[in-house]
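A short worksheet on the structure shown next.
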Protein chains: 2
Amino acid sequence: MEETQVKKIPNATAKRLPLYYRNLKFLEELGTCRINSSEFSKLVQVPSATIRKDFSHFGELGRSGYGYEVSYLISVFSQTLNVKEVTKLALVGAGNLGKALLKNNFRRNDDLVITCAFDNNETLSGTTVGEIPIYSMKELTQQIKKRKIGTAISTVPSKYSQNAIDLLVNSGVTAILNFAPGRVKVPKHVHVHYIDLTTELQTLVYFNENM
Amino acid sequence: MEETQVKKIPNATAKRLPLYYRNLKFLEELGTCRINSSEFSKLVQVPSATIRKDFSHFGELGRSGYGYEVSYLISVFSQTLNVKEVTKLALVGAGNLGKALLKNNFRRNDDLVITCAFDNNETLSGTTVGEIPIYSMKELTQQIKKRKIGTAISTVPSKYSQNAIDLLVNSGVTAILNFAPGRVKVPKHVHVHYIDLTTELQTLVYFNENM
DNA sequence: TCTCTTTTGTGATAACGTTCACAAAAAAGA
DNA sequence: TCTTTTTTGTGAACGTTATCACAAAAGAGA
Ligand SMILES: NC(=O)c1ccc[n+]([C@@H]2O[C@H](COP(=O)([O-])OP(=O)(O)OC[C@H]3O[C@@H](n4cnc5c(N)ncnc54)[C@H](O)[C@@H]3O)[C@@H](O)[C@H]2O)c1
Ligand SMILES: NC(=O)c1ccc[n+]([C@@H]2O[C@H](COP(=O)([O-])OP(=O)(O)OC[C@H]3O[C@@H](n4cnc5c(N)ncnc54)[C@H](O)[C@@H]3O)[C@@H](O)[C@H]2O)c1
């Protein structure tokens, strides 16, 4: 190996990166150009020692007795998160939840853009939500390949998510955010993350009652 | 202490409980009355050793060479998750996302019920979504107290979530699921969980590109 | 009843993550 | 320039979570 590869970033750190990034952008908007770990801690609600440890995996980003340059942190993290490149997304299942996501379309994040949607309800196909066209499921493979989309959101009912996701995977999608809780089978190279609102609420209620 | 208290259930286990519970109910619907840890592992996509360790915190729930009785597991976990008691929820911010949640209203989960919603858009107050009435923010405290609600969902824009959540907390709410990513300040006895779709997607994309 | 098979429950261990605490570096002030 | 203050970066300690691996328990079959 020619270059000394950056040490593997721990999982837990990687999961906090988008949070850090978002808050750094917020500080930048405010005109704050310098931040120390304890002030940043108040903003993101992560202990300052954790923040410093996390940052340290990317090199020595700060200066003792001074803190961190906001713009420099942004430049480092935006590289890791690859936010310069726009990630084009597809959405399957333009129902209530799906349409809410389409209307919002990560307005405040220019690195994530839903560019097309699909639904098996034929009365929806040909319509648009905002700028986003809704296609029939028959057009899915063709559109996804044409648009070179690798990431998708599924908001179809649980019962049909295996089907919808098979179709996505066969069209070349390798990362899926699934709002239906039922676990789906996918090849090893495909990543599925679940957002399960019921679980989230039950966990919240549990921790609220037991702690 | 009179009774020997059940040993503290590890955090990681508690977070998986709703997943286990949901899938056990699914098996029950299918008429499956017996399951072993390796079959259950396939269903929930959690390693069988983890499942057995998790279960073991609740006592000896299974039988060697046989597995677990689905109905018995359900009875044990439903107690811990307190699903017999209905948790009444309020929702603030009946916009696109809020209305999608109201329309769905955890249809498949009879232990979670959104019973009222609030919005500062006066044209919404007096209307209903499904059976759920939308009130103006002025009525929030009165309604939440009257209905004895302790848990709420916030789908107001980030900018206003501190305000909305202050109002909820002052009305007696102690657990909040917040869809706006900006961290809010609350008293120590109040629990706030965040669902941050942007972070979720960026993390998914990151893991997809780096693993 | 006896044997073989299945599967649990759990100590032990390894991997991962958080937090502490402080030397060293840099900034700020005198 | 010298002293004081601030704040980083990081080993080390600690705590939690995941995984292994197997004895013991129970079931199934003959
Ligand atoms: N809306 C919520 O509050 C909420 C909460 C938690 C979980 N969810 C989950 O999100 C999913 C969607 O929820 P929703 O409220 O938007 O439901 P919805 O019924 O409003 O929307 C589902 C959409 O998927 C489409 N669809 C159905 N089968 C399809 C298929 N095979 N291929 C393509 N499209 C298909 C339907 O035409 C419909 O437009 C569900 O799995 C639900 O469990 C929703
Ligand atoms: N919809 C999405 O796809 C999506 C995705 C990620 C995050 N979010 C977050 O969820 C939140 C809501 O999103 P949305 O798409 O439903 O937005 P929206 O604008 O459709 O809805 C917001 C609702 O909140 C109400 N509101 C505004 N200020 C209020 C206040 N002070 N008190 C009470 N109600 C108030 C508005 O009247 C409106 O009805 C935002 O914070 C957004 O960042 C949404």
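Chain naming here is simple, since letters A, B, ... match the order of the sequence lines and numbering starts at 1 in each. All heavy atoms count here, side chains included; hydrogens, waters and symmetry mates do not.
Remark: B:Arg16 engages B:Asp54 in a salt bridge (Lys or Arg N to Asp or Glu O under 4.0 Å) (not counting sequence neighbours). With sequence neighbours left out, B:Tyr21 forms a ring-ring contact (aromatic ring centres under 6.0 Å, His included) with no residue at all. Legend: residues meeting salt bridge (Lys or Arg N to Asp or Glu O under 4.0 Å) with A:Glu28, ordered by chain and number and at least two apart, are A:Lys25. Shown here are the ring-ring contact (aromatic ring centres under 6.0 Å, His included) partners of B:Phe40, two or more places apart in sequence or in another chain: B:Tyr20. Legend: residues meeting ring-ring contact (aromatic ring centres under 6.0 Å, His included) with B:Phe106, ordered by chain and number and at least two apart, are absent.
Listed by first and then second residue, the side chain to side chain donor-acceptor pair (under 3.5 Å) pairs involving residues 153-166 of chain A are A:Gln162-A:Asp166 (not counting sequence neighbours). For residues 55-68 of chain B, every residue pair satisfying the salt bridge (charged side-chain N to carboxylate O under 4.0 Å, His left out) rule, not counting sequence neighbours, is listed here: B:Arg63-B:Glu69.
Judged by distance alone, the side chains of B:Asn105 and B:Glu131 never bring a donor and an acceptor atom under 3.5 Å apart.
With a cutoff of under 4.0 Å to any heavy atom of chain B, the contacted region of DNA chain D is bounded 5' to 3' by D:dT17 to D:dA28.
Shown for residues 12-27 of chain A: no residue has heavy atoms falling under 4.0 angstrom of DNA chain D. Of all the residues in residues 200-211 of chain B, not one reaches under 4.0 Å from DNA chain D with any non-hydrogen atom.
Taking for each of A:Pro47 and B:Arg52 the nucleotide of DNA chain C with the nearest heavy atom, the 5'-most of the two is the partner of B:Arg52.
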Name the pairs: protein N/O against N/O of nucleotides 1-6 of chain C, kept only if under 3.5 Å.
unit_1, atom_1, unit_2, atom_2, d
C:dT6, O2, B:Gly65, N, 3.4

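The base of C:dT18 lies outside donor-acceptor range of the side chain of A:Lys53, with no N or O pair under 3.5 Å.
Between the two ends of the helix from C:dT1-D:dA30 to C:dA30-D:dT1, each summarised by a five-pair axis, the helix axis turns through 20° (rounded to 10 degrees).
For the side-chain contact (heavy atoms from CB on, under 4.5 Å) test with A:Phe179, the passing option among A:Ile153, A:Val156, A:Asp196 is A:Ile153; the others fail.
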